[in-house]
Amino acid sequence: MLVKRDYRFDRVLFWGRILGLVADYYIAQGLSEDQLAPRKTLYSLNCMEWSLLPPATEEMEMQTSVVKGRFMGNPSHAYEHTELQKVQIKEETRLVSIIDQIDKAVAVIPRGALVKTPFGPIRVNRTFEGLSSSEAKKLSSYFHFREPVELKNKTLLEKADLDPSLDFMDSLEHDFPKGSWSIQMERGNTLVVLRSLLWPGLTFYHAPRTKNYGYIYVGTGEKNIDLPFML
């Protein structure tokens, strides 16, 4: 509520929590009317005072890729990396980069929850009533909640069966490595839960035939780089 009021977002998602050794980072994201527009990300150590994070850049990702191990929980903590020259990398920069990587790799939305309007913006689909029980069990019914990457490489023949107003994002079924998602029906088939094995800590839920869905990340912010060898 505080974030929505102070930053005037269309809607706010509680993104999750990155566990630090000294303190944890609580993460929230603000969305604009266009649901695929870049999201604004904020963090807090106490859920009362929120700080806006800068947008992620490729340079940030390159810088922080050398940092390994757990987060401290102190935004001004500096990691030192010495290869050719001594470089200091702030934990806040690493936080921005990791959230961006998790968003691009494993933020999930069910098919039909968003709709592409003829004029361009991606909006929340007011007529979405949830996936059917049979659809909810298939990975192809879930999309990456970001601008498409793989879709652009598909041939016209592959796109022939797609509905342009609904199928404008990349499906989870083609994710690499194969088997990087676990999908389970729980509570007597009234709830479907997807868990990422690539970014342990990311959980998505959807109650079929309802509008209830969402995802949350609670983890150490570390990618499971051994996954291809474990599958």
*Asks:* State whether the side chain of His81 and the backbone N or O of Val66 hold a donor-acceptor pair below 3.5 Å, judged by distance alone.
*Replies:* no

*Asks:* Does a side-chain N-to-carboxylate-O contact under 4.0 Å join Lys104 and Glu58?
*Replies:* no

*Asks:* Nearest heavy-atom pair of Tyr26 and Arg17: which atoms, and what distance?
*Replies:* CE2-CD, 3.2 Å

*Asks:* Which atom pair, heavy atoms only, marks the closest approach of Ala105 to His144?
*Replies:* O-CE1, 2.8 Å

*Asks:* Would a hydrophobic clustering, with Ile, Leu, Val, Met, Phe, Trp and Tyr connected at side-chain separations under 4.5 Å, put Ile102 with Tyr43?
*Replies:* yes

*Asks:* Answer yes if Leu194 and Leu227 sit in the same cluster of Ile, Leu, Val, Met, Phe, Trp and Tyr residues linked by side chain heavy atoms under 4.5 Å apart, and no otherwise.
*Replies:* yes

*Asks:* Looking at every heavy atom in both Leu139 and Ser171, which two are closest together, and how far apart are they?
*Replies:* O-OG, 4.0 Å

*Asks:* Would you mind reporting whether Arg70 and Leu19 have side-chain heavy atoms less than 4.5 Å apart?
*Replies:* yes

*Asks:* Does any N or O in the side chain of Tyr142 come within less than 3.5 Å of the main-chain N or O of Ala136, such that one atom is a donor and the other an acceptor?
*Replies:* yes

*Asks:* Measure the shortest side-chain to side-chain distance between Leu166 and Asn125 over non-hydrogen atoms and say whether it is less than 4.5 angstrom.
*Replies:* yes

*Asks:* About how many Å separate CG of Leu21 and OG1 of Thr220, when rounded to the nearest 0.5 Å?
*Replies:* 9.5 Å

*Asks:* Evaluate the side-chain proximity of Ser97 to Gln63: yes if any heavy-atom separation is below 4.5 Å, no if none is.
*Replies:* no

*Asks:* For a 4.5 angstrom cut-off between non-hydrogen side-chain atoms, does Asn212 reach Leu191?
*Replies:* no

*Asks:* Are Leu197 and Phe204 connected, step by step, through hydrophobic side chains (Ile, Leu, Val, Met, Phe, Trp, Tyr) whose heavy atoms are closer than 4.5 Å?
*Replies:* yes

*Asks:* Who are the side-chain hydrogen bond (donor to acceptor under 3.5 Å, both in side chains) partners of Glu91, not counting sequence neighbours?
*Replies:* Tyr25, Tyr79

*Asks:* Would you say the side-chain atoms of Asn46 pair up with the backbone N or O of Glu49, donor to acceptor, closer than 3.5 Å?
*Replies:* yes

*Asks:* Just so I know, are the side chains of His206 and Val108 near enough to count as touching, which here means a heavy-atom distance under 4.5 Å?
*Replies:* no

*Asks:* How close do Phe229 and Ile225 get, counting heavy atoms only, and between which atoms?
*Replies:* CE1-O, 4.3 Å

*Asks:* Between Gln29 and Ile99, is there a side-chain heavy-atom distance shorter than 4.5 Å?
*Replies:* yes

*Asks:* Does the side-chain hydrogen bond (donor to acceptor under 3.5 Å, both in side chains) test come out yes or no for Asp175 and Trp181, once each step is laid out?
*Replies:* CA-CA 9 Å; Asp175 279 12; Trp181 290 97; 2.9 Å; yes

*Asks:* Could you walk me through whether Phe145 and Leu36 pass side chain to side chain contact (heavy atoms under 4.5 Å, CB included), step by step?
*Replies:* CA-CA 7 Å; Phe145 188 20; Leu36 283 192; 3.9 Å; yes

*Asks:* Is there a side chain to side chain contact (heavy atoms under 4.5 Å, CB included) between Val22 and Asn74? Walk through the geometry before answering.
*Replies:* CA-CA 7 Å; Val22 181; Asn74 170 9; 5.9 Å; no

*Asks:* Could you measure the distance from the CD1 atom of Ile216 to the CD1 atom of Ile27? Nearest 0.5 Å is fine.
*Replies:* 11.0 Å

*Asks:* Find out whether Val115 and Phe128 are in side-chain contact, i.e. whether some heavy atom of one side chain is under 4.5 Å from a heavy atom of the other.
*Replies:* no

*Asks:* According to a hydrophobic-cluster definition based on side-chain heavy atoms being under 4.5 Å apart (Ile, Leu, Val, Met, Phe, Trp, Tyr only), do Phe143 and Leu31 belong together?
*Replies:* yes

*Asks:* Would you check if the side chain of Asn224 reaches a backbone N or O of Trp199 as a donor-acceptor pair within less than 3.5 Å?
*Replies:* no

*Asks:* Is there a path of hydrophobic side-chain contacts, each under 4.5 Å between heavy atoms, that joins Tyr215 and Val192?
*Replies:* yes

*Asks:* Work out which heavy atom in Leu42 is nearest to a heavy atom in Tyr7; give both atom names and the distance.
*Replies:* CD2-CE1, 3.2 Å

*Asks:* More than 12 non-hydrogen atoms from neighbouring residues, nucleotides or ligands closer than 6.0 Å to CZ on Arg209, yes or no?
*Replies:* no

*Asks:* So how far is it from Ser76 OG to Glu92 CD, rounded to the nearest 0.5 Å?
*Replies:* 9.0 Å

*Asks:* Roughly how far apart are Asp167 CG and Ser140 OG, rounded to 0.5 Å?
*Replies:* 9.5 Å

*Asks:* Find the distance between OG1 (Thr203) and CD (Gln184) and round it off to the nearest 0.5 Å.
*Replies:* 10.0 Å

*Asks:* Is the backbone N or O of Glu135 less than 3.5 Å from a side-chain atom of Ser141, with the two atoms forming a donor-acceptor pair by type?
*Replies:* yes

*Asks:* Please verify the inter-ring angle class for Tyr217 with Trp15; under 30° counts as parallel, over 60° as perpendicular, anything in between as tilted.
*Replies:* tilted

*Asks:* As an exercise, state the distance from OG of Ser196 to NZ of Lys223, rounded to the nearest 0.5 Å.
*Replies:* 9.5 Å

*Asks:* Counting C-beta onward and ignoring hydrogens, is there a side-chain heavy-atom pair between Thr64 and Ile98 closer than 4.5 Å?
*Replies:* no

*Asks:* Checking the side chain of Lys40 only, and the main-chain atoms of Leu53 only, is there a donor and an acceptor separated by less than 3.5 Å?
*Replies:* no

*Asks:* Using the side chain to side chain contact (heavy atoms under 4.5 Å, CB included) rule, take Lys138 and Leu131 through it: C-alpha gap first, then chi angles, then the decisive distance, then the call.
*Replies:* CA-CA 10 Å; Lys138 301 176 193 162; Leu131 299 170; over 6 Å; no

*Asks:* Assess whether side chain to side chain contact (heavy atoms under 4.5 Å, CB included) is satisfied between Met169 and Arg146, documenting all intermediate values.
*Replies:* CA-CA 7 Å; Met169 291 178 283; Arg146 55 157 163 75; over 6 Å; no

*Asks:* Can you tell me if Asp170 uses its side chain to pair, donor with acceptor, with the backbone of Glu150 under 3.5 Å?
*Replies:* yes

*Asks:* Between Pro54 and Met60, what is the shortest heavy-atom contact and its length?
*Replies:* CG-CE, 4.1 Å

*Asks:* Taking it one step at a time, do Arg195 and Glu186 satisfy salt bridge (Lys or Arg N to Asp or Glu O under 4.0 Å)?
*Replies:* CA-CA 13 Å; Arg195 291 183 178 88; Glu186 295 183 5; 3.7 Å; yes

